[in-house]
**Student:** 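To start, I am sharing the structure in question, which I have written as C-alpha cells.
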Amino acid sequence: MIDKRDDFLPVSKPLINQIEINAVSDVLKGGWLTMGPKCVLFEKKFIEYTGAKYAVSVNSCTSAIHLALICCDVGKNDEVITTPFTFASTGNTIVWQGAKPVFVDIDEKTFNIDVSQIEDKITDDTKAIVPVHYGGQSCDMDKIIKVAKKYDLYVIEDAAHAIGAKYMNRNIGTIGDMTCFSFYATKNMTTGEGGMLVTDNEDVARKAQILRLHGIDKDAWKRYSSDGSWRYDIKYAGFKYNMTDIQAAIGIEQLKKLDMFNQKRVDLADQYNKRLSELGGIITPNRSSYSSHVYHLYPIRLDKSLGVTRDHFITALKSYNIGTSVHFIPLHLHSFYQKNHGYKVGDFPVSEKVFDSIVSLPMSPAMNRDDVDYVVDVIESVIKGRI
Ligand SMILES: *Cc1c(COP(=O)(O)O)cnc(C)c1O
C-alpha cells in the first residue's frame, strides 16, 4: 500500500514568492494602482521576450481574443474557424460578435486543429481562423498561414497555454496576425488574472489600446498624470478590459522566471513520460516534430484495455490527495452551442473520443520529482486494481 500524502497536490499551482509580494507591495505604497507605468513596462518586457512589435496588456486572454476579433472586423453573419477542443473563451468571444463559430475537429495526436480539414470549412463568410495551441504545443502554423493567405483570412492565435513555446524555432507571438496570451492563475505565468494581445500590426495595436479602456483615445494614466490633459474623446463604445499596475508588477517578475518555469515543466513531463510509458495502457502526450512543448497541461489518455473507467481513475487519485482535471469538454457538447448553433453529439468524433479518455495530471513548476513519483505510484496501484 502507498502512504497517502498529507497535503493535496493540485492539478496546477502558481509559483509565487517574496519577489512578487514585494513588487505588489511597492505598487500599493506608490499610490498608482490601475493601468499605469507598470503596465507600460510589462508590455515593453513582453515585446522583448516574444519579439513581437506591439503588446497590449488586458485583464484576461478572453478580452484579448475579443479585441482581436473586433480588430479583424468580425461581425454579424461572419464565420470564424476554430476547434471545439478548447475553453469557453475561444467560442464565446466569436458569439459575442454575432458571428458563427465554425468548428474543425482535432488531430488525434496533438489535440490541435486538424489542418487538413480547415479548407473544407471555409466559405465566403469566413473572416478568421483561431488556432488553439493545446496544452502548450503549437499548431502546425505554416499550413494554417498558407490556407489563411489563400483565402485572405486573419489568423488569431489562442496562445493561452503556449507562452514561451516555439514553432520551428519561431516564438509564439510572432507568427499569426494577432496572438492572445493568458496570465490566469493556472497558466504558465500568472498575474492572478490578466492577458496580453500581441501583434506586428500598428493599427491593430492602436485600436486595441483604445478599445480596452472605454474607447477613449488617451490612456487614463496620461490623463491624470502631470503631463496629461483633461481632454479626451470617445471613439468607440469600448470596453473595460485594461490591466492594473498591481497585476503588471506580478507579471514583470513572473516573466523573468518564465523560461525557468517552462524548463521545470519539461523536466517533470520527461519524468512522467518515462515512468508512465513503463506501465502500459497509459497514452502519454504526443510530441510533434515542429513545435517545442511548454506543458501547460500534462494530459494522459486511458486505454480501454486498462479496464479502468475515467471516473474511477479520477476518484481514486482524489482519494490519495491528487487533483486532476479534464481539458476540455468539447464546446459542441455544451447546451449553448447545441441550442444556438445546431451542433450535436457525433459532429466531431476525434474530439469526442479524446475527451472520453483524457485526464490532466498535476503539472506545475511548484512540483518536484517526488510529487511525480507519488502520482505515478498511485496510478500504478489504480491500474493494478489495488485502489
Ligand atoms: C485559460 C484559457 C483561456 C482564457 O484565459 P483567461 O485569461 O482566463 O481569459 C482561453 N483559451 C484557452 C484555451 C484557455 O485555456
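Read the numbers this way: they start at 1 and go in the same order the structure lists the ligands and their atoms. For the numbers below, each heavy atom of this structure counts, side chains included, while hydrogens, waters and symmetry mates do not.
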**Student:** So, regarding T86 and ligand 1 (criterion: nitrogen or oxygen to nitrogen or oxygen, under 3.5 Å), is there a contact or not?
**Tutor:** no
**Student:** With heavy-atom distances below 4.0 Å as the criterion, list the atoms of ligand 1 near C61.
**Tutor:**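 Within the 4.0 Å cut-off of C61, ligand 1 contributes 4 (C), 5 (O), 6 (P), 7 (O), 9 (O).
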**Student:** Pairs of nitrogen or oxygen atoms closer than 3.5 Å, one from A160 and one from ligand 1: do any exist?
**Tutor:** no
**Student:** What do we get for T62 next to ligand 1 when only non-hydrogen atoms under 4.0 Å count, side chain, backbone, both or neither?
**Tutor:** both
**Student:** Considering the heavy atoms of S89, write down every atom of ligand 1 situated less than 4.0 Å from one of them.
**Tutor:** 3 (C), 4 (C), 10 (C)
**Student:** Is there a side-chain contact between F313 and V382 in this structure, where contact means two heavy atoms from C-beta onward sitting under 4.5 Å apart?
**Tutor:**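 When only atoms from C-beta onward are counted, V382 and F313 do touch, with a gap below 4.5 Å.
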**Student:** What I'd like to find out is whether the side chain of M363 reaches to under 4.5 Å of the side chain of L297, using heavy atoms alone.
**Tutor:**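 A side-chain contact is absent here, since even the closest heavy-atom pair is not under 4.5 Å.
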**Student:** Is there a polar contact between ligand 1 and H161, counting only N or O atoms under 3.5 Å apart?
**Tutor:**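 Yes, H161 has an N/O under 3.5 Å of an N/O on ligand 1.
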**Student:** Can you sort out which atoms of ligand 1 are near G194, meaning under 4.0 Å from one of its heavy atoms?
**Tutor:** 7 (O)
**Student:** Based purely on interatomic distance, does Y184 place a nitrogen or oxygen under 3.5 Å from a nitrogen or oxygen of ligand 1?
**Tutor:** no
**Student:** Before accepting this row, confirm whether a basic side-chain N of the pair K143/D140 lies closer than 4.0 Å to the acidic partner's carboxylate O.
**Tutor:** yes
**Student:** In this structure, does ligand 1 have an atom that sits under 4.0 Å from one of the heavy atoms of K187?
**Tutor:**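 It does; at least one heavy atom falls under 4.0 Å.
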**Student:** Is it true that K127 and D73 have a side-chain N and a carboxylate O under 4.0 angstrom from each other?
**Tutor:**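 No, this pair does not count.
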**Student:** Do you see a donor-acceptor pair shorter than 3.5 Å between the side chains of N286 and E108?
**Tutor:** no
**Student:** Does one side chain, of Y295 or D267, offer a donor that lies under 3.5 Å from an acceptor on the other?
**Tutor:** no
**Student:** Suppose we call two aromatic rings close when their centres sit under 6.0 Å apart. Are Y290 and Y167 close by that rule?
**Tutor:**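 Close enough - the centres of the two rings lie under 6.0 Å apart.
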**Student:** Please indicate whether any nitrogen or oxygen in S182 is less than 3.5 Å from any nitrogen or oxygen in ligand 1.
**Tutor:**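 By distance alone, the answer is yes.
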**Student:** For atom 11 (N) of ligand 1, what's the nearest protein heavy-atom neighbour? Residue, atom name and distance, please.
**Tutor:**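 Its nearest protein heavy-atom neighbour is D158 OD2, 2.7 Å.
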**Student:** Any carboxylate oxygen within less than 4.0 angstrom of a Lys/Arg side-chain nitrogen, looking at R369 and D371?
**Tutor:** no
